[in-house]
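To start, the structure itself, in structure tokens.
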Protein chains: 2
Amino acid sequence: MKMNNKFRSSCPIASTLDIVGDKWSLLIIRDMIIKHKRTFKEISDSDEKIAPSILSARLKLLESYKLITKRKLPENKKENIYLLTKKGIGLAPIIIEFTLWGNNNLREFNDIDLIDGLESDKSMIIDIVQNNYSSMLIQFG
Amino acid sequence: MKMNNKFRSSCPIASTLDIVGDKWSLLIIRDMIIKHKRTFKEISDSDEKIAPSILSARLKLLESYKLITKRKLPENKKENIYLLTKKGIGLAPIIIEFTLWGNNNLREFNDIDLIDGLESDKSMIIDIVQNNYSSMLIQFG
DNA sequence: ATTATTACTATCGTTTCGATAGTAATAATT
DNA sequence: AATTATTACTATCGAAACGATAGTAATAAT
């Protein structure tokens, strides 16, 4: 995996964009953190139809920056299980803010899904998402 | 300006990414909302060295989705003044979350600038950023 | 009148994307 | 046990986007 400094600057925003600032990474994180998707196959099956070559490349990159881990379970040697790390779970606020902004600002340009619970307190939504994911994680070591 | 539905799905996250999910848009917004940059020249002069062709294309796109407006002042017919709209100012929470995440999670991969005030309450930081920008806006109609 | 600045556009080689097909390993089915 | 299906990829290759540089037209400054 090429890890040759591809950071454009020392700005934290720019650096974050250098890792997840593409059209797919945050959608992969969305599926993992909200829908609890864990395998290549599950992540492939989204409305947005990500190409396998892109998904493969993105998972490798996210793994290299320690946002996700990859493992196999003893009972299944075929499937890889991808799980979010703490760093990855820490992206929940960003995911939630994207949801809120799209929900409030793009309805004139696109039919946006209605999502339940968005009127609740922001930090509560974030807590719930993160806690649910962390609870799910317990079943894995 | 081509406005042919380039939305991949009706998911608010995906739709937001379809507009600002590239390596440059949020950096342009950052410079506008935090550093109060207003002209093509000012925005060009960032650490990340955006190419003029890209900046030009991005400004047009952001304008087409009503995140920014473009105008000239009577006293200067050369400069274009770019200002954030309400929709654009609404991106402040996303910008702040990117800052916080990068600040907390990327120090092992890149030298990240130390930023003052990040230990304050999130919603307060966002309020300050948005209020400062809105105050600055008053001098324009 | 000349020079500088601003906001671009044009060009063009490089990189990335993205659709599709193919493959190797494992698991399920008959 | 043999065949079929599934999973997680890799390979290919044309299309789109990026990015560095140069150029230009309008305005402003000297």
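A, B, ... follow the sequence lines: proteins, then strands. Residue 1 opens every chain. Side chains included, hydrogens not; waters and symmetry mates left out as well; all remaining heavy atoms used.
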B/Lys60 side chain near C/dT9 phosphate (N/O to OP1/OP2, under 4.0 Å): yes
How does each nucleotide of nucleotides 19-30 of chain C score, in 5' to 3' order, for protein heavy atoms under 4.0 Å: base (B), sugar-phosphate only (S), or none (-)? BBB----BS---
Rounding to an integer number of Å, can you tell me how far B/Lys23 NZ sits from D/dG19 P? 9 Å
What is the separation between atom CG on B/Leu17 and atom P on C/dC17, rounded to the nearest whole Å? 14 Å
At under 4.0 Å between heavy atoms, what does B/Lys72 touch on the DNA or RNA strands: base, sugar-phosphate, or nothing? nothing
Measure the shortest side-chain to side-chain distance between B/Lys60 and B/Ser64 over non-hydrogen atoms and say whether it is less than 4.5 angstrom. no
Just verifying a value: how many Å separate A/Ile81 CD1 and A/Lys37 NZ, rounded to the nearest 0.5 Å? 14.5 Å
Roughly, in whole Å, what's the span from CZ in B/Phe40 to C1' in C/dT5? 13 Å
Could you check whether A/Phe7 and B/Phe109 have their ring centres less than 6.0 Å apart? no
Please report the distance, rounded to the nearest Å, between CG in A/Asp18 and P in D/dC18. 14 Å
List the residues meeting ring pair (Phe, Tyr, Trp, His ring centres under 6.0 Å) with B/Tyr133, not counting sequence neighbours, and say none if there are none. B/His36
I need the CH2-P distance between A/Trp24 and C/dC17, as an integer number of Å. 11 Å
In A/Lys72, A/Arg71, A/Arg38, the residue satisfying side chain to side chain donor-acceptor pair (under 3.5 Å) with A/Asn80 is A/Lys72
Nearest heavy atom decides the nucleotide; on that basis, is A/Arg58 or B/Ile81 closer to the 5' end of DNA chain C? B/Ile81
Picking from D/dA8, D/dC18, C/dA7, the nucleotide nearest the side-chain atoms of B/Lys41 would be C/dA7
To the nearest 0.5 Å, tell me how far B/Asp31 CG sits from B/Ile95 CD1. 9.0 Å
Can you measure A/Glu48 atom CD to C/dC17 atom P for me and round it to whole angstrom units? 16 Å
For DNA chain D, which consecutive runs of 3 or more Watson-Crick or G-U pairs (each distance under 3.5 Å) count as stems? C:1-30 with D:1-30
How many Å lie between CD1 on B/Ile43 and C1' on C/dT5, as a whole number? 16 Å
Atom OG1 in B/Thr69, atom CG in B/Leu84: separation rounded to 0.5 Å? 8.0 Å
Heavy-atom side-chain proximity of A/Asp22 to A/Arg58 below 4.5 angstrom: yes
Is it the case that one hydrophobic cluster holds both B/Met32 and B/Ile128, taking links as side-chain heavy atoms less than 4.5 Å apart, direct or via other members? no
Rounded to whole Å, how long is the line connecting atom CD1 of B/Ile54 with atom P of D/dA16? 18 Å
